[in-house]
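These notes are about the structure you will find just below.
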Amino acid sequence: MERRFACTTEELENGSTMTLEFDEPIALYRTEDGELFATQDSCSHEQWSLGEDSEVEGSEVVCPLHMARFDLKTGKALCFPATVALTTYAVEVDEDGKVYVLA
Ligand code: FES
């Protein structure tokens, strides 16, 4: 596991997402409360980039393709059609506002 630089907190507004183009793409989320989470980028139902296009609601993410919902803290699939959890990754922020993903 490596500590990989993702972005600065200024580059990711509250309530938004981005895709990190690592070897395995990772979705980075910032909730409306400013909490940061990271999961595998692809929805576990079909191929859909959650970092490019998804809705963050509280600490959950909704995939817009078929409306599957996942818990960002655990990756757990909360409703059909998804049944498989997303892989989650730890996120750290340093004192300079630099965001890192442990992946
Ligand atoms: S691809 Fe995400 S719910 Fe179907």
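Indexing begins at 1, ligand by ligand and atom by atom, following the structure's order.
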Between SG of C43 and NE2 of H66, what distance do you get to the nearest 0.5 Å? 8.5 Å
Test side-chain contact (heavy atoms from CB on, under 4.5 Å) applied to A77 - qualifying residues, sequence neighbours left out: F70, A82
salt_bridge(E92, R3) N-O dist < 4.0 Å: yes
The protein N, O or S atoms lying under 2.8 Å from atom 2 (Fe) of ligand 1 are C43 SG, C63 SG
What's the spacing between Q40 CD and Y89 OH if we round to 0.5 Å? 6.5 Å
For E52, enumerate each residue passing the side-chain contact (heavy atoms from CB on, under 4.5 Å) test, keeping only those at least two apart in sequence or located in another chain. T19, S49
Run the side-chain contact (heavy atoms from CB on, under 4.5 Å) test against T88 and tell me which residues pass, sequence neighbours left out. T39
